[in-house]
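See structure below.
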Amino acid sequence: MIPVRHRPPALPGPPASTDPGASPAGRRRDLLTAGAALLLFAVVAVVGGLLDRGRVLVPWPPLTATWEPHVGPGTPAAVAVAVLVVGYGPAVARRLPWRWLTRSAWATAAAWTWSLALIDGWRRGIAERLTSPGEYLHGVGHFHDAGTALRGFTEHILAGTPQSWETHVIGHPPLAVLTFVGLDRVGLGGGAWAGAFCATVGSAVVPAVLVTLRALGGGDAGERTARTAAPFLVLTPGAIWVGASADGYFAAVAAWTLALLAVAATASSAGRAAVAGLGSGLLFGAALYLSYGLVLLVIPALAVLLCAAATRGSGSPGALPVAVAAALAGVGCAVLSFTLAGFDWWEGYRLLRVRYYQGWGGIRPYAYWVWGNAGATVAAIGLACAAGLRRAVLGAPGAVRRWRAGHAPVETLLPCAMLLALLAADLSGMSKAETERIWLPFTLWLPMTAALLPARDRRGWLIAQAAVALLLNHLLLTEW
């Protein structure tokens with residue numbers, strides 16, 4: 001986030017003395033919550049270490065990582081980005097013109113993601129992340145004839161079938177691997193280009209969240225929330241798994257689905273609502289064919305629409321129904337396209353459930369991972385986010401009352417919707433382990449809750465966020 005010479009005045013905010021969350025008791029509870037989150041991670045790690053590794057099936061539970069303290073070429077850059085964002089990020093985020101804020105937030109998030117990845121070195125951190133035997137790049141050769149491959153896609157999912165495909169290829173709908181087929185076709189094949197694509201595109205989650213907060217917050221209040229949350233969204237520990245994991249790319253598609261839906265539902269004209277809504281629907285359809293789990297986007301999408309219904313402002317009275325209709329049309333177009341091409345989403349998901357329990361999913365104990373996943377989530381969201389989430393969850397009843405009165409506290413309602421989606425994924429039993437990357441489309445939104453923390457404490461919480469990411473990336477060698 002780079003300052004410019006001519007800046008607009010900072011948006012006004014409540015003085016520290018009137019900050020309702022700045023009471024000594026509230027601040028102590030924030031610290032206790034962060035401590036409890038850290039304790040949860042430690043307990044999950046200890047219990048996972050005591051269990052039979054042949055059943056837990058991750059090398060350093062709850063994370064898919066190995067203990068390997070190291071530094072690399074990304075170390076100085078990561079420390080520099082952290083210092084600059086902690087030192088200048090909040091002030092710059094308050095003063096930059098909005099257009100420059102979204103662009104610089106993406107650039108800074110990309111710098112943070114790339115520098116964290118390069119702590120492991122160029123080959124281990126970027127170029128070889130997506131080249132392991134089970135990854136998408138090994139499936140590119142199956143799509144010399146894309147039409148035939150799509151029509152026969154479900155025939156290669158179950159174990160024991162002739163020519164069963166790679167783990168990640170069969171574990172997702174076909175658009176995931178087709179993305180890398182497309183990169184290969186335009187001359188950007190191989191691990192380096194794939195890793196660079198995922199790290200850079202995945203960082204675009206940050207401006208999408210900012211756009212959503214501004215659209216749904218109703219005028220200056222929404223923009224002020226977005227500006228407060230921006231440094232926390234940038235310095236998320238989840239960036240470790242954005243670069244370079246295909247789930248970071250999936251997260252960006254999901255994020256812009258919600259961002260365009262928010263823009264459409266609060267648009268000032270029916271035409272703009274239709275265009276943005278159609279874009280949102282097409283991206284939602286794309287998300288469904290990137291990952292089966294992204295069907296859970298319907299939960300935060302409903303929260304976006306509910307917030308938009310309360311955020312009247314200068315929006316067109318007809319924007320909301322037009323946005324919904326256009327979005328449904330976009331989803332329908334995406335679903336129809338893949339169905340006509342020969343891929344049956346429901347059949348693919350049915351077979352994947354069988355395949356999941358044929359493999360590690362049938363070995364990993366549900367009794368451990370149903371709460372062990374929470375430990376992995378703590379690592380991905382950081383301690384500041386844990387403290388902010390406490391405020392969001394406890395503030396949910398009041399937020400509902402405010403919503404009924406015509407004001408949408410999106411920084412409370414949207415994180416609660418993300419938590420509901422994560423709970424559904426967790427209880428389903430289809431997310432046992434590896435959730436530090438699998439749940440990125442939902443966890444990367446949660447740092448927005450740091451906007452609920454007292455202003456006087458935010459710099460300290462930013463330091464905590466950066467410290468978690470740097471410690472994890474330097475002490476552990478993650479597989480994603």
Side-chain angles (χ1 to χ4, degrees), residues 37-72 74-75 116-138 159 166-171 191 195 198-199 237-248 355-382 425-426 429-440 443 468-480:
L38 191 59
L39 179 62
L40 171 64
F41 179 82
V43 171
V44 169
V46 170
V47 172
L50 294 175
L51 292 175
D52 181 2
R53 294 295 177 89
R55 296 188 66 229
V56 176
L57 289 174
V58 293
W60 203 88
L63 302 177
T64 307
T66 54
W67 178 263
E68 187 177 323
H70 63 286
V71 296
T75 297
L116 289 174
L118 290 173
I119 290 171
D120 299 337
W122 169 252
R123 295 182 66 84
R124 291 197 306 185
I126 297 289
E128 295 180 351
R129 286 291 190 186
L130 295 171
T131 61
S132 59
E135 281 285 1
Y136 304 98
L137 293 185
H138 288 271
E166 293 76 16
T167 301
H168 281 222
V169 174
I170 64 176
C198 291
I240 295 171
W241 295 281
V242 172
S245 152
D247 294 86
R355 178 67 178 88
Y356 184 75
Y357 287 98
Q358 288 179 329
W360 288 1
I363 301 173
R364 286 171 171 155
Y366 181 84
Y368 172 73
W369 286 110
V370 74
W371 64 283
N373 287 335
T377 301
V378 167
I381 65 175
D426 193 34
M430 293 291 288
S431 295
K432 289 184 282 188
E434 305 176 33
T435 51
E436 62 270 20
R437 66 167 181 85
I438 295 172
W439 288 354
L440 285 175
T443 57
V468 167
L470 292 171
L471 284 172
L472 284 173
N473 217 147
H474 282 92
L475 295 177
L476 302 174
L477 182 62
T478 61
E479 292 187 16
W480 316 107

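- Taking OG1 from T64 and CD1 from I438, the interatomic distance works out to 8.0 Å, rounded to the nearest 0.5 Å.
- Atom OG1 of T167 is separated from atom OH of Y136 by 10.5 Å, given to the nearest 0.5 angstrom.
- Not one N or O on the side chain of R55 forms a donor-acceptor pair closer than 3.5 Å with the backbone of R364.
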Inset, instruction - Decide yes or no on side-chain contact (heavy atoms from CB on, under 4.5 Å) for Y368 and V44, but give the supporting numbers first. - result: CA-CA 8 Å; Y368 172 73; V44 169; 3.2 Å; yes

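- Shown here for V58 and L63, the closest heavy-atom pair between the two residues is CB-O, 3.8 Å.
- Note on ring orientation: taking the six-membered ring where Trp is involved, the planes of H474 and H70 are tilted (angle from 30° to 60°).
- Taking the salt bridge (charged side-chain N to carboxylate O under 4.0 Å, His left out) definition, one finds that E128 meets it with R123, sequence neighbours left out.
- No donor-acceptor pair closer than 3.5 Å links the side chain of E68 to the backbone N or O of L477.
- The nearest pair of heavy atoms linking A380 to E436 is CB-O, 4.2 Å.
- For K432 (side chain) and G361 (main-chain N/O), a donor-acceptor pair under 3.5 Å exists by modelled atom type.
- Considering all non-hydrogen atoms of both residues, A379 and V468 come closest at O-CG1, 4.1 Å.
- In this structure, T478 OG1 and W241 CH2 are separated by 7.0 Å, a value rounded to the nearest 0.5 Å.
- Looking at C198 and L130, their side chains come closer than 4.5 Å, going by heavy atoms from C-beta outward.
- Residues S132 and E479 are not in side-chain contact: their nearest non-hydrogen atoms beyond the backbone lie 4.5 Å or more apart.
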Inset, instruction - Please step through side-chain contact (heavy atoms from CB on, under 4.5 Å) for the pair V378 and L38, ending with a clear verdict. - result: CA-CA 8 Å; V378 167; L38 191 59; over 6 Å; no

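- Taking every heavy atom of both residues into account, A65 and P59 meet most closely at O-CG, 2.9 Å.
- For the pair W369/S431, no side-chain contact is recorded, criterion being any heavy-atom separation below 4.5 Å from C-beta on.
- Rounding to the nearest 0.5 angstrom, the gap separating the OG1 atom in T443 from the CD1 atom in I381 is 8.0 Å.
- Side-chain contact between L470 and L116 is present, with at least one heavy-atom pair separated by less than 4.5 Å.
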Legend entry - Worked verdict on L476 versus L471 for side-chain contact (heavy atoms from CB on, under 4.5 Å): CA-CA 8 Å; L476 302 174; L471 284 172; over 6 Å; no

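- In this structure, the side chain of S245 engages the main chain of D247 through a donor-acceptor pair within 3.5 Å.
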Legend entry - Derivation and outcome, side-chain contact (heavy atoms from CB on, under 4.5 Å), residues D426 and W371: CA-CA 8 Å; D426 193 34; W371 64 283; over 6 Å; no

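- Distance CD/E434 to CG/L57: 9.5 Å, rounded to 0.5 Å.
- Scanning all heavy atoms of the two residues, the minimum distance from I170 to R355 falls at CD1-NE, 3.5 Å.
- Atom CG of residue L137 and atom CD of residue E166 lie 10.0 Å apart, to the nearest 0.5 angstrom.
- Every residue meeting the salt bridge (charged side-chain N to carboxylate O under 4.0 Å, His left out) condition with R129, not counting sequence neighbours, appears here in chain and number order: D120.
- When every heavy atom of G375 is checked against every heavy atom of P62, the shortest pair comes out as C-CG, 4.0 Å.
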